[in-house]
Amino acid sequence: MDNHFSRLNQYRSMWVLVFFDLPTETKKDRRAATRFRKSLLDDGFTMFQFSIYMRFCASRENADVHTKRVKVSLPELGKVGVMQITDKQFGMMQLFYGQKPAELEKPSQQLELF
């Protein structure tokens with residue numbers, strides 16, 4: 001039974017990934033890009049790569065809440081993509097540092113208050 005619950009949980013829990021390419025030519029652009037990155041960090045996202053942030057969510061409903069928060073903090077200029085994938089899909093990602101395979105970091109357990 002435990003194994004069944006664990007397998008179901010891998011499909012229920014979600015990852016929200018935010019990809020962005022923001023202009024940084026002017027001081028105003030840099031300030032907007034910094035504000036956007038800070039809003040992601042404040043909402044519990046962590047940096048995966050420089051312009052890719054990710055956040056683990058316990059459910060699709062919780063992932064929808066954080067996706068809406070990203071939309072509210074979108075900068076005026078630039079390109080932003082938001083993708084939700086299941087924990088199972090995320091776990092199938094292959095990562096490499098150079099030509100060497102890298103371990104996928106497990107999500108930290110976060111206390112959800114809302």
Side-chain angles (χ1 to χ4, degrees):
M1 185 87 154
D2 253 6
N3 191 22
H4 177 70
F5 177 75
S6 175
R7 194 173 49 226
L8 282 178
N9 195 36
Q10 288 180 321
Y11 291 99
R12 180 162 166 68
S13 54
M14 304 289 295
W15 285 89
V16 178
L17 291 98
V18 179
F19 312 87
F20 55 91
D21 187 11
L22 304 178
T24 56
E25 286 78 38
T26 68
K27 194 172 191 173
K28 181 182 176 185
D29 290 341
R30 287 188 296 278
R31 198 172 15 253
T34 299
R35 196 169 28 252
F36 182 66
R37 279 194 293 274
K38 185 176 177 344
S39 73
L40 292 173
L41 293 171
D42 288 347
D43 194 32
F45 284 82
T46 56
M47 186 168 64
F48 181 70
Q49 291 184 354
F50 184 67
S51 293
I52 302 173
Y53 283 64
M54 63 185 188
R55 187 186 199 290
F56 179 78
C57 296
S59 66
R60 181 172 303 279
E61 295 79 16
N62 186 245
D64 289 341
V65 166
H66 293 286
T67 297
K68 286 177 187 170
R69 288 183 186 164
V70 171
K71 290 178 182 179
V72 167
S73 63
L74 288 172
E76 186 179 334
L77 302 172
K79 202 186 270 186
V80 177
V82 180
M83 180 170 61
Q84 295 181 6
I85 61 173
T86 65
D87 187 44
K88 180 72 172 175
Q89 291 167 319
F90 187 82
M92 293 186 301
M93 184 183 333
Q94 295 182 29
L95 291 176
F96 300 89
Y97 290 119
Q99 294 183 355
K100 297 181 180 184
E103 288 293 316
L104 199 63
E105 290 183 28
K106 290 290 180 198
S108 61
Q109 294 298 324
Q110 295 181 356
L111 179 60
E112 295 286 337
L113 298 177
F114 41 90

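From a predicted model like this one, the values you see are computed outputs, not experimental measurements. Numbering starts at 1 and runs along the sequence shown.
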S.K.: Please report the C-alpha distance between Met93 and Phe48 in whole Å, then the side-chain angles of each, then the deciding distance to 0.1 Å, and finally whether the side-chain contact (heavy atoms from CB on, under 4.5 Å) criterion is met.
M.R.: CA-CA 13 Å; Met93 184 183 333; Phe48 181 70; 3.7 Å; yes
S.K.: More than 12 foreign heavy atoms under 6.0 Å from CZ of Phe96: is that the case here?
M.R.: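 Yes - once you tally the heavy atoms of other residues, nucleotides and ligands closer than 6.0 Å, there are more than 12.
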S.K.: If you measure from CE on Met92 to CD1 on Ile85, what distance do you get to the nearest 0.5 Å?
M.R.: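 It comes to 8.5 Å.
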S.K.: Please say whether more than 12 non-hydrogen atoms of neighbouring residues, nucleotides or ligands are located less than 6.0 Å from CZ in Arg60.
M.R.: no
S.K.: Is there a path of hydrophobic side-chain contacts, each under 4.5 Å between heavy atoms of I/L/V/M/F/W/Y residues, joining Leu41 to Phe45?
M.R.: yes
S.K.: For Leu22 and Gly78, which heavy atoms make the closest approach, and how far apart are they?
M.R.: CD2-CA, 3.9 Å
S.K.: Run the side chain to side chain donor-acceptor pair (under 3.5 Å) test on Asp29 and Thr26 for me, step by step, so that the C-alpha distance in whole Å, both residues' side-chain angles and the decisive distance to 0.1 Å come before the verdict.
M.R.: CA-CA 5 Å; Asp29 290 341; Thr26 68; 3.2 Å; yes
S.K.: If you compare all heavy atoms of Ala33 against all heavy atoms of Pro23, which two are closest, and at what distance to 0.1 Å?
M.R.: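 Heavy atoms of Ala33 and Pro23 come nearest at CB-O, 4.5 Å.
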S.K.: List for me each residue that meets salt bridge (Lys or Arg N to Asp or Glu O under 4.0 Å) alongside Glu76, sequence neighbours excluded, and say none if there are none.
M.R.: none
S.K.: State the OG-CZ distance between Ser73 and Arg35, to the nearest 0.5 angstrom.
M.R.: 10.5 Å
S.K.: Do Cys57 and Val16 touch side chain to side chain, with heavy atoms closer than 4.5 Å?
M.R.: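 Cys57 vs Val16: side chains touch.
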S.K.: Grouping I, L, V, M, F, W and Y whenever their side-chain heavy atoms are under 4.5 Å apart, do Val72 and Val18 come out in a common cluster?
M.R.: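 The answer is no; the residues belong to distinct hydrophobic clusters.
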S.K.: Test Val70 against every option in Tyr53, Phe20, Phe36 by the side-chain contact (heavy atoms from CB on, under 4.5 Å) rule and name the one that passes.
M.R.: Phe36
S.K.: Test Lys38 against Asp42 for salt bridge (Lys or Arg N to Asp or Glu O under 4.0 Å), laying out the working first.
M.R.: CA-CA 6 Å; Lys38 185 176 177 344; Asp42 288 347; 3.0 Å; yes
S.K.: Report the distance from atom CG of Asn62 to atom CD of Gln84, rounding to the nearest 0.5 Å.
M.R.: 9.5 Å
S.K.: To the closest 0.5 Å, what do you measure between CH2 (Trp15) and NZ (Lys88)?
M.R.: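 That separation rounds to 15.0 Å.
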S.K.: So Asp43 and Arg69, salt bridge (Lys or Arg N to Asp or Glu O under 4.0 Å) or not? Walk me through it.
M.R.: CA-CA 8 Å; Asp43 194 32; Arg69 288 183 186 164; 2.7 Å; yes
S.K.: side-chain contact (heavy atoms from CB on, under 4.5 Å), that's the test. Do Ser13 and Thr86 meet it? Break it down for me.
M.R.: CA-CA 6 Å; Ser13 54; Thr86 65; over 6 Å; no
S.K.: Between Val82 and Met47, is there a shared hydrophobic cluster once you connect ILVMFWY residues whose side-chain heavy atoms come closer than 4.5 Å?
M.R.: yes
S.K.: When hydrophobic residues are tied together by side-chain contacts of less than 4.5 Å, even through go-betweens, does Met14 share a cluster with Ile52?
M.R.: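 The answer is no; the residues belong to distinct hydrophobic clusters.
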S.K.: Are Leu95 and Met83 connected, step by step, through hydrophobic side chains (Ile, Leu, Val, Met, Phe, Trp, Tyr) whose heavy atoms are closer than 4.5 Å?
M.R.: yes
S.K.: Is any side-chain heavy atom of Phe50 less than 4.5 Å from a side-chain heavy atom of Arg37?
M.R.: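 Yes; the side chains approach each other to less than 4.5 Å.
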S.K.: Between Arg55 and Gly44, which heavy-atom pair has the shortest distance, and what is it?
M.R.: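 Shortest heavy-atom separation between Arg55 and Gly44 comes out as CG-O, 3.6 Å.
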